[in-house]
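What follows is one structure encoded as structure tokens, with my remarks underneath.
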Amino acid sequence: MKKSSNNPKQKIQEKIDRMDIEAFQNDLVQWFQEEQRNLPWRKDNDAYRVWVSEVMLQQTRVDTVIPYYNRFLEKFPTIESFADADEESILKVWEGLGYYSRVRNLHTAAKEVVSKYGGRVPDTKEEISKLKGVGPYTAGAVLSIAYGKPVPAVDGNVMRVLSRILLITDDIAKPASRKIFEEAVEELMYHDHPSHFNQALMELGALICTPSSPSCLLCPVREHCQAFAKGVQEQLPVKTRKKSTRHEDIVAVVLKDEEDKILINKRPEKGLLANLWEFPNLKVVPLLDGWEILQDFLSTEYSMDAVIEQEDFTVVQHVFTHLTWKINAHEGRLKSGNIDGNETLKFVTEEELEELAFPVSHQKIWQAYKERVQ
DNA sequence: CATTCGTGGGC
DNA sequence: TGCCCAAGAAT
């Protein structure tokens, strides 16, 4: 009897060799053709549209993306129209979707596609991977869906599905694991229709092979699934959890001048919420008087003399992936001072304010401000 | 390689 | 309520 290899990579290869790959492909792709959801980005295979959808879908749920995708393509129907847009408007269409560097990278990349490739999204892994924001997953997704190329598109769904089918126990939270799954997809790839094959793996993960309580009895490929055969599907994939979030206490001010214009600040071009607008704020040590800190801050940093209400009108708790903000927001009135010499500050009317892109945390402040008297 | 980068939904 | 997440990429 032949001894099975201890080389992990070869072990997976042996599992694949024992599979009826053709039956697996047919069962999977046929299921996809019958059961796939009717999603707005599946109306055609236009590379620009596929690309936009894939970037939006990074770490973001389908139901969340749908309205953003529709608005985005209504506003920017062609890659040229998007490339020509200013950054303010592209951030506004992305407002509330999160991970804002995605849209800034997409914008940079789109401009490059227009100027360097005449508006046609490159169709080789080499070229498309050079574009900002296009990593291994997005490259594979666009190449397979838009151009029918047999390139793996390994996302969280694919890793979960294949970890179960092939009983792969590598920690999918580790970056190095993705390569393992790409190699498996290379072996399993349905060359007659790479687009459907890649999408089928993801769709199966989204609809059937879910993180918890997978619907194995409805699964079109359960007879190919090693985890199901052993009843260990709930134990897979192996995924280590990340460390907990840190907390920051912040005080913010909605400051109006004598014309009732509101002071806002543009965040730095790098880091958290880059280039979005916000109400002036600073990190503080809790239990100190926020209104005094703000008054001092406006004076020393902006040379503004202002009266700040002692009582905060709202407290916003906002949770990021790796950070939690507790924002005590105060109302204030400018007595003297201006924004001369400060490039990031601006006084705007309420109407102008609502045309600019704010992070959700500061949208919450604005909502509470407008409702404060009632 | 580990960390950073958003948000809203599910349990 | 607190945690996990959801079609990842950049640094």
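Worth saying up front: this structure is predicted, and the values here are computed from it rather than measured. Proteins come first, then strands; the chains are lettered A, B, ... in the order of their sequence lines, and each starts at number 1.
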Phosphate contact (B:dT7 OP1 or OP2) by A:Tyr100 side-chain N/O below 4.0 Å: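 The answer is yes; a side-chain N or O of A:Tyr100 sits under 4.0 Å from OP1 or OP2.
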Presence of A:His322 side-chain N/O under 4.0 Å of B:dT3 phosphate oxygens OP1/OP2: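 No, because none of the side-chain N or O atoms of A:His322 sits under 4.0 Å from OP1 or OP2 of B:dT3.
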Aromatic ring proximity A:Phe358/A:Trp366, centre distance under 6.0 Å: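 Ring centres of A:Trp366 and A:Phe358 not closer than 6.0 Å.
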Would you call [X] and [Y] a salt bridge, taking side-chain N to carboxylate O under 4.0 Å as the test?
{"X": "A:Asp170", "Y": "A:Lys239", "answer": "no"}
{"X": "A:Arg372", "Y": "A:Glu309", "answer": "no"}
{"X": "A:Glu355", "Y": "A:Lys92", "answer": "no"}
{"X": "A:Lys43", "Y": "A:Asp46", "answer": "no"}
{"X": "A:Glu203", "Y": "A:Arg42", "answer": "yes"}
{"X": "A:Lys256", "Y": "A:Glu350", "answer": "yes"}

Heavy atoms of other groups near A:Glu258 CD, more than 12 under 6.0 Å: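 Yes, CD of A:Glu258 has more than 12 neighbouring heavy atoms, counting only those of other groups under 6.0 Å.
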NZ/A:Lys266: more than 12 non-hydrogen atoms of other groups inside 6.0 Å: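 Above 12, so yes.
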Polar atom pairs (N or O), protein with nucleotides 2-5 of chain C, under 3.5 Å:
residue: C:dC5; atom: O2; partner: A:Arg61; partner atom: NH1; Å: 3.3

Side chain to side chain contact (heavy atoms under 4.5 Å, CB included) partners of A:Ala306, counting only residues at least two apart: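 Applying side chain to side chain contact (heavy atoms under 4.5 Å, CB included) to A:Ala306 gives A:Leu255, A:Leu298, A:Ile308.
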Sugar-phosphate, base or nothing in reach of A:Val62, heavy atoms under 4.0 Å: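 Base contact.
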Give the table of side-chain donor-acceptor pairs shorter than 3.5 Å for residues 225-236 of chain A, with sequence neighbours excluded, one pair per line with atom names and distance.
residue: A:Glu234; atom: OE1; partner: A:Ser213; partner atom: N; Å: 3.3

Qualifying ring-ring contact (aromatic ring centres under 6.0 Å, His included) pairs, either residue in residues 183-221 of chain A, two or more places apart: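 Applying ring-ring contact (aromatic ring centres under 6.0 Å, His included) to every pair that reaches into residues 183-221 of chain A, excluding sequence neighbours, yields A:Phe32-A:His196, A:His193-A:His196.
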Selection from B:dA2, B:dG8, B:dT4 that lies nearest to any side-chain heavy atom of A:Arg246: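 Output: B:dT4.
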Side chain of A:Ala176 (C-beta onward), nearest among B:dT7, C:dA6, B:dC1: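 Of B:dT7, C:dA6, B:dC1, B:dC1 is nearest to the side chain of A:Ala176.
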Position toward the 5' end of DNA chain B (nearest nucleotide), A:Ser177 or A:Gln363: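 With A:Ser177 and A:Gln363 compared, the 5'-side residue is A:Ser177.
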Between protein and nucleic acid, restricted to nucleotides 9-11 of chain C and to nitrogen or oxygen atoms under 3.5 Å apart, what atom pairs and distances do you find?
residue: C:dA9; atom: OP1; partner: A:Gly135; partner atom: N; Å: 3.0
residue: C:dA9; atom: OP1; partner: A:Gly135; partner atom: O; Å: 3.4
residue: C:dA9; atom: OP1; partner: A:Thr138; partner atom: N; Å: 2.8
residue: C:dA9; atom: OP1; partner: A:Thr138; partner atom: OG1; Å: 2.7
residue: C:dA9; atom: OP2; partner: A:Tyr137; partner atom: N; Å: 3.3
residue: C:dA10; atom: OP1; partner: A:Gly133; partner atom: N; Å: 2.5

Qualifying side-chain hydrogen bond (donor to acceptor under 3.5 Å, both in side chains) pairs, either residue in residues 19-31 of chain A, two or more places apart: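 Residue pairs with at least one partner in residues 19-31 of chain A: A:Asp27-A:His224, A:Gln30-A:Glu34.
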Identify, residue by residue, the members of [range] with a heavy atom below 4.0 Å from DNA chain C, and return them in order of residue number, or none.
{"range": "residues 186-210 of chain A", "value": "A:Met202"}
{"range": "residues 141-153 of chain A", "value": "none"}
{"range": "residues 29-49 of chain A", "value": "A:Arg37, A:Leu39, A:Trp41, A:Arg42"}

Where at least one partner belongs to residues 69-78 of chain A, residue pairs that pass salt bridge (Lys or Arg N to Asp or Glu O under 4.0 Å), sequence neighbours excluded: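 Every pair satisfying salt bridge (Lys or Arg N to Asp or Glu O under 4.0 Å) with a residue in residues 69-78 of chain A: there are none.
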Partners meeting salt bridge (Lys or Arg N to Asp or Glu O under 4.0 Å) with A:Glu301 (sequence neighbours left out):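 In terms of salt bridge (Lys or Arg N to Asp or Glu O under 4.0 Å), with neighbours along the sequence ignored, A:Glu301 is linked to no residue.
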Those residues of residues 160-173 of chain A lying under 4.0 Å from DNA chain B by at least one heavy atom: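 Of all residues in residues 160-173 of chain A, none places a heavy atom under 4.0 Å from DNA chain B.
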